[in-house]
Amino acid sequence: MTPYVADPVYLNGRFLPLAEAGISPLDRGFLYGDGVYEVIPVYSRQAFRLDQHLARLQATLDGVRLGNPLDVDGWQAVVGELVASAPWDDQSIYLQVTRGADDKRDHAFPPAGVRPTAFAFASPLVTTPAAVRATGVAAITVPDLRWARCDLKVISLLANVLARQQAVDQGCAEAILIRDGVMKEGAASNIFLVSDGILLAPPKSRLMLPGITYDVVLELADAHGLPVKIGEIAETELRRADEVWMTSSTKEILAITTLDGQPVGTGSPGPLAGQMWQWYQDFKNNVMRKG
Ligand code: PDD
């Protein structure tokens with residue numbers, strides 16, 4: 001059976017088999033969810049938008065006052081080594097940094113001598129099968145119960161986990177988070193709408209993760225002359241949209257065709273979802289797979 005995690009993994013400066021990679025149960029990632037992460041897609045053994053992912057990692061570390069255990073060159077080397085060792089051409093690289101393990105449990109930061117824990121591994125990139133893309137996926141709406149810094153990519157994901165599980169329990173692929181009547185994003189994706197031929201995107205704010213895929217979608221819309229409106233999206237607009245898409249590094253662009261049991265638009269993926277997906281593939285092929 002193909003393993004989900006490739007050997008070796010990276011832990012605190014060393015590359016070693018997953019089975020030998022151990023951390024203390026007093027690690028603050030375990031005790032408090034006190035840490036940050038990134039998920040980076042790799043196509044044809046090239047990390048996609050690595051600089052942007054590492055910049056978002058730094059922004060999140062700054063946001064939670066956690067020192068970066070590696071500089072950009074260091075992370076590039078770790079990612080390069082993982083990508084080269086893994087058996088797949090297309091991969092997903094997971095990076096995590098926690099505030100390390102003290103010898104006691106205390107909410108406040110540990111003494112300066114406690115080193116952050118840095119962990120990273122490669123797994124195969126599992127993209128959406130064509131048959132699922134052809135029908136689109138179902139989603140539900142749920143109240144956004146997260147904290148007030150959703151722009152930080154932190155590992156404390158309990159509200160996201162519960163929202164996604166609520167969707168899965170109802171046979172759905174994603175939960176769309178609604179806060180004060182406003183659509184924010186998915187449990188693990190950004191959300192776009194199409195209404196009357198215009199691409200609607202929620203603005204970046206502290207209540208939404210600034211997706212790397214979100215940026216690529218907006219760049220592609222601009223490059224191809226697709227009209228875009230960036231602004232707060234009311235729940236009512238979501239419900240009457242012609243198209244709803246979820247986007248992320250692993251899902252790419254995926255049409256949501258059922259929302260809370262009701263069809264979105266015609267109930268089939270709309271033309272612009274297919275168009276954007278194709279632009280995204282072409283873009284990837286141009287920047288990643290040439291030569
Ligand atoms: N999640 N919003 C949330 C809450 C997310 O967790 C993600 C990604 C995104 C999309 O970001 P990007 O386009 O940079 O992948 C938006 C990753 C894939 C995860 O948690 O596994």
Side-chain angles (χ1 to χ4, degrees), residues 4-40 47 50-83 85 92-123 144-165 185 187-188 204-212 249:
Y4 175 74
V5 173
D7 277 336
V9 300
Y10 172 84
L11 181 65
N12 296 333
R14 293 171 58 212
F15 292 92
L16 69 180
L18 178 65
E20 291 168 26
I23 59 163
S24 165
L26 290 182
D27 194 279
R28 294 176 62 94
F30 184 57
L31 293 181
Y32 294 107
D34 183 357
V36 313
Y37 77 109
E38 271 299 323
V39 178
I40 306 161
L50 181 57
D51 294 350
Q52 289 86 341
H53 280 280
L54 294 178
R56 186 172 65 184
L57 177 70
Q58 187 62 57
T60 297
L61 287 165
D62 292 344
V64 301
R65 300 168 58 195
L66 176 51
N68 197 335
L70 293 172
D71 59 16
V72 168
D73 289 350
W75 280 118
Q76 282 173 347
V78 167
V79 170
E81 177 75 28
L82 292 174
V83 168
S85 320
S92 167
I93 299 290
Y94 180 84
L95 310 179
Q96 176 170 319
V97 181
T98 76
R99 211 180 301 274
D102 197 0
D103 55 5
K104 59 181 173 308
R105 181 177 178 275
D106 180 0
H107 284 63
F109 292 175
V114 172
R115 309 298 310 151
T117 303
F119 175 53
F121 64 83
S123 51
D144 190 349
L145 300 179
R146 300 173 301 165
W147 69 333
R149 288 306 305 272
C150 305
D151 56 323
L152 302 176
K153 202 163 173 64
V154 293
I155 60 169
S156 339
L157 287 170
L158 195 48
N160 307 59
V161 165
L162 291 172
R164 178 61 79 83
Q165 186 58 39
E185 61 182 325
K204 288 185 184 174
S205 77
R206 288 189 162 194
L207 298 177
M208 178 185 106
L209 188 81
I212 306 297
S249 293

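Residues Ala47 and Val79 share a closest heavy-atom pair of CB-CG1, 4.2 Å. A pairwise comparison of heavy atoms in Leu207 and Cys150 identifies C-CB, 3.5 Å as the closest pair. When every heavy atom of Ala122 is checked against every heavy atom of Leu82, the shortest pair comes out as CB-O, 4.2 Å.
Within the structure, every pair that satisfies the salt bridge (charged side-chain N to carboxylate O under 4.0 Å, His left out) test and touches residues 24-39, not counting sequence neighbours, is listed here: Arg28-Asp34, Asp34-Arg99, Glu38-Arg56. Among pairs with a residue in residues 103-113, those fulfilling salt bridge (charged side-chain N to carboxylate O under 4.0 Å, His left out) read Asp102-Lys104, at least two apart in sequence or across chains. For residues 153-165, the set of pairs meeting the salt bridge (charged side-chain N to carboxylate O under 4.0 Å, His left out) definition, not counting sequence neighbours, comprises Arg164-Glu174. Listed by first then second residue, pairs satisfying side-chain hydrogen bond (donor to acceptor under 3.5 Å, both in side chains) with a partner in residues 4-14 number zero, not counting sequence neighbours.
Remark: Tyr32 pairs with His107 by the ring pair (Phe, Tyr, Trp, His ring centres under 6.0 Å) rule, at least two apart or across chains. Residues satisfying the side chain to side chain contact (heavy atoms under 4.5 Å, CB included) criterion with Ser249, sequence neighbours excluded, are Pro41, His53, Thr213. Under the side chain to side chain contact (heavy atoms under 4.5 Å, CB included) criterion, Pro8 pairs with Phe15, Ser85, not counting sequence neighbours. By the side chain to side chain contact (heavy atoms under 4.5 Å, CB included) test, Arg206 is found to be paired with Arg149, Asp151, residues two or more places apart in sequence or in another chain being considered. For Ile155, the side chain to side chain contact (heavy atoms under 4.5 Å, CB included) partners at least two apart in sequence or on another chain are Tyr37, Tyr94, Gln96, Thr98.
Here the side chain of Ser92 pairs no donor or acceptor atom with the backbone of Ser123 at under 3.5 angstrom.
To the nearest 0.5 Å, atom CD of residue Gln52 and atom CD1 of residue Ile40 are 10.5 Å apart.
Using a 4.5 Å heavy-atom threshold, the side chains of Leu54 and Leu95 count as touching. At least one side-chain heavy atom of Pro210 sits under 4.5 Å from a side-chain heavy atom of Lys204. Between Leu152 and Val36 there is no side-chain heavy-atom pair separated by less than 4.5 Å. Proximity of Arg146 to Glu185: side-chain heavy atoms (C-beta onward) are separated by under 4.5 Å at one or more points.
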Set out, in order, the CA-CA distance, both residues' side-chain angles and the distance that settles side-chain contact (heavy atoms from CB on, under 4.5 Å) for Val97 and Phe119, then state yes or no. CA-CA 6 Å; Val97 181; Phe119 175 53; over 6 Å; no
Listing, residues 65-72 side-chain donor-acceptor contacts under 3.5 Å, not counting sequence neighbours, or none:
from: Asn68; atom 1: OD1; to: Leu70; atom 2: N; distance (Å): 3.2
from: Asn68; atom 1: OD1; to: Trp75; atom 2: NE1; distance (Å): 2.9
from: Asn68; atom 1: ND2; to: Gln58; atom 2: OE1; distance (Å): 2.9
from: Asn68; atom 1: ND2; to: Leu70; atom 2: O; distance (Å): 3.3
from: Asp71; atom 1: OD1; to: Asp73; atom 2: N; distance (Å): 3.3
from: Asp71; atom 1: OD1; to: Gly74; atom 2: N; distance (Å): 2.7

